[in-house]
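Remarks on the structure that follows.
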Protein chains: 2
Amino acid sequence: MIIKTTIKDVAKKAGVSISTVSRVINGMDRVSKSTTKKVQLAVETLNFYPDHVARAMINKKTQTIGLIVPQLSNEYWALMSEVIQNQLWLNGYTTLISSTDNETDKENAYLKMYIERRVDGIIYCAPSQHLSGDQQQMDMLKRSGVPIVTLDPSVVGISCVTGDHLLGSFNAVEHLIQLGHRNIAYIGGPVVSIEREFGYRKAMMMHRLNLNEALILTVNGQTPKEGYRALQQLLASGEKFDALFCGNDMLAFGAIKALEEANIRVPEDVAVVGYDDIQSASLFKPTLTTVRQPISDIGKELIGLLLQCMDQEVGNRTPRKIVVPTELIVRESSGVGKQDETFFFHEER
Amino acid sequence: MIIKTTIKDVAKKAGVSISTVSRVINGMDRVSKSTTKKVQLAVETLNFYPDHVARAMINKKTQTIGLIVPQLSNEYWALMSEVIQNQLWLNGYTTLISSTDNETDKENAYLKMYIERRVDGIIYCAPSQHLSGDQQQMDMLKRSGVPIVTLDPSVVGISCVTGDHLLGSFNAVEHLIQLGHRNIAYIGGPVVSIEREFGYRKAMMMHRLNLNEALILTVNGQTPKEGYRALQQLLASGEKFDALFCGNDMLAFGAIKALEEANIRVPEDVAVVGYDDIQSASLFKPTLTTVRQPISDIGKELIGLLLQCMDQEVGNRTPRKIVVPTELIVRESSGVGKQDETFFFHEER
DNA sequence: CTGAAAGCGCTAACAG
DNA sequence: CTGTTAGCGCTTTCAG
């Protein structure tokens, strides 16, 4: 058994009372120079580290924030987690990160764990359908009174930050339309945020283009594999398309792989646009045209909202919603900025 | 102020003593069926969640493991973190993940935080030079008595898991040599694990090849940017080379980007091999020949070693070292499996 | 089987 | 300025 040095040991060593030691290590209270020195010496020689657990018990503050993301091994979420963690650290908080794999059971388990561990707040980044869908989960959260903010899904009574996905997707698809494409396919689904599909539909409709439901594919994951499979399926169906909009970059990578294996050139034969602008998007070949989400801004807004929520009493919290703008990053995969022929080719159809 | 329901409230509601409630929620002790039911009812209606902080205080166990990685936004470390976290969760532990950006200050701060928070153990994944270099850090750790295991760096008296990087790199470079390359460059440096450079040197020496120090580049980071910059520098130097081995895949991506911008074809003009086999390696174009590290195995070994260490008294811990084999994954970037001409071209020089 | 009581390590009044 | 004391919410002897 490891014997930890406690405040008591320090007090004895320094020949003072424990409250004096407490005062010195917290630095807020007035203690004479000489005793301060004595205590500091004792602290160092005894290698004393104040027990955060005991402190948390008294302060009723753990200085811990729980973060829930769908998948830590996903570049987008990894970066988001890092940003949030760093920012929270600057505010004096430690972050507990959990990765749910989109499984409701895991979400519930982690949420319960956060409540039991008395985190000071929760940042919930999860696909919308889960959060609004699982009433039990919401109950647990609301009754616990833990301050919480969400990314993307809007839940009644909870502050949230969301990218302007409807507009972002709309712009992306409009970009393809302006390039002359008419048969545009979409890969997405609820896991990727349904608003992106709506943006796609809106753009198609506003431009009076035929909305072929066979070109709209739903996937259950966010990895290249799902994109690859979806494309194989689409190709097998025999439906014609000259452009593809993907709910996220990973799906786009997989889709492009499938296209190339079928000897379909990107962007010459099919133009592709992704979503998120993860780091790989600019490393991929062709470089990926995509909708950039300002991860750093999103992270900051989330934290701002959460800290604000934590300041308010549980009764009178005013939920706020912040919409963060997205940006279309045009690269090779949509056929612009590489060869102008591509552009003209499409215009002339 | 949020009023949490405590064990006291439950006891009152159920009309029993707090110790009985404690017995019921812990389920270990013998309590009569009828009281058990009464208590459970009270727990549910009052929405009671046992306070993990108070429990930790008594048990002197936080059921928390601290994990330190260089960079969470790096695909390799993100995956490693996810694997470790999931595995630890299955063992009843929660993981605190920290990302150091290779800054000693941050490492120290996080380590201190872990000690103060009384984590039950630490998994330290960090570039070797830092760990063995910062004596102050090691002191803090050793005196605290916190069980710790490391990934890669060997420190006296601490268990560690390490990939067989010397052999892995050796094989990678030998692969290039067998392909007929003679002027092989290397990008790495201490941040990437010095053993990879040694593997490179060993292969060159064993094959009696000229070891041109100008072809060995040191970088300070692990992102594509560093690889890109290093290659630009190498190209500017005018040194001739026909192959390139990179300390990790990210560096390789950046390096290839730089090569292509200089109109040097990969693998036709320069063959490239990376290290790690992150997911992007097979998505990249050309697909990347690389040395695979079995992340899942490494994670499991780390946890096994840590749990073992946690079982032992602080005095008689026997440090163990586990070496995990790596595997060369041959893809397009080294010039095999694409066009045979490439292969012959090099053989005939 | 169940209750009373003693703390875990620390902070925060409350007195000196 | 400094010491004494009462808990925070829970587990765990120790007696019934």
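Lettering of chains follows the sequences in order, A, B, ..., and the numbering in each one begins at 1.
Donor-acceptor pairing under 3.5 Å is lacking for the side chains of Thr62(B) and Arg117(B). Using a 3.5 Å distance cut-off with no hydrogens or angles, the side chains of Tyr76(B) and Gln71(B) do not pair a donor with an acceptor. Inspection of the Ser98(B) and Tyr114(B) side chains reveals an N or O donor paired with an N or O acceptor under 3.5 Å. Using a 3.5 Å distance cut-off with no hydrogens or angles, the side chains of Thr20(A) and Ser17(A) do pair a donor with an acceptor.
With hydrogens and angles ignored, no donor-acceptor pair closer than 3.5 Å exists between the side chain of Arg118(A) and the base of dG9(D).
Each of dC10(C), dT4(D), dC8(D) was ranked by its minimum atom distance to the side chain of Ser19(A); first place goes to dT4(D). The side chain of Ala54(A) lies closest to dC10(C), out of dG9(D), dC10(C), dA12(C). Distance from the side chain of Arg23(A) is smallest for dT2(D) among the nucleotides dC14(D), dT2(D), dT11(D). Of all nucleotides listed (dT11(C), dA4(C), dC10(D)), dT11(C) comes nearest to the side chain of Ile7(A). When the nucleotides dG3(C), dG9(D), dT2(D) are ranked by their closest atom to the side chain of Asp51(B), dG9(D) comes out on top.
Between Arg55(B) and the phosphate of dC10(D), there is no side-chain N or O to OP1/OP2 separation shorter than 4.0 Å. Contact annotation: Asn59(B) side-chain N/O to dT11(D) OP1/OP2 distance is not under 4.0 Å. Checking the phosphate oxygens (OP1, OP2) of dC1(D), no side-chain nitrogen or oxygen of Thr20(A) falls inside 4.0 Å. The phosphate of dC8(D) has neither OP1 nor OP2 within less than 4.0 Å of any side-chain N or O from Thr6(B). Taking only side-chain nitrogens and oxygens, Thr35(B) comes nearer than 4.0 Å to OP1 or OP2 of dT2(C). Residue Lys60(A) places no side-chain N or O under 4.0 Å from the OP1 or OP2 atom of dT11(C). Not one side-chain nitrogen or oxygen of Ser22(A) sits closer than 4.0 Å to the OP1 or OP2 atom of dA12(C).
As a whole-Å value, the separation of Arg117(B) CZ from dC8(C) P is 23 Å. Distance, Asn26(A) CG to dA13(C) P: 13 Å, rounded to whole Å. Spacing between atom CD of Gln63(B) and atom P of dC10(D) amounts to 17 Å, rounded to whole angstrom units. Rounded to whole Å, atom C1' of dT5(D) lies 13 Å from atom CD1 of Ile58(A). Per the geometry, CD1 belonging to Ile18(B) stands 11 Å off P belonging to dG3(C), to the nearest Å. Distance Met57(B) CE to dT11(D) P: 13 Å, rounded to the nearest Å. Rounded to whole Å, the distance from NE2 on His52(A) to P on dT11(C) is 11 Å. One interatomic measurement links the two molecules: NZ of Lys33(A) to P of dT2(D), which rounds to 13 Å at whole-angstrom precision.
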Evaluate the side chain to side chain contact (heavy atoms under 4.5 Å, CB included) criterion for residues Ser81(A) and Leu72(A): first the C-alpha distance (whole Å), next the side-chain angles of each, then the deciding distance (0.1 Å), finally the verdict. CA-CA 8 Å; Ser81(A) 302; Leu72(A) 194 53; 3.6 Å; yes
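Around atom NZ of Lys13(A), no more than 12 heavy atoms belonging to other residues, nucleotides or ligands sit under 6.0 Å away.
Using a 4.0 Å heavy-atom criterion, one finds that Val21(A) contacts no nucleic acid atom at all.
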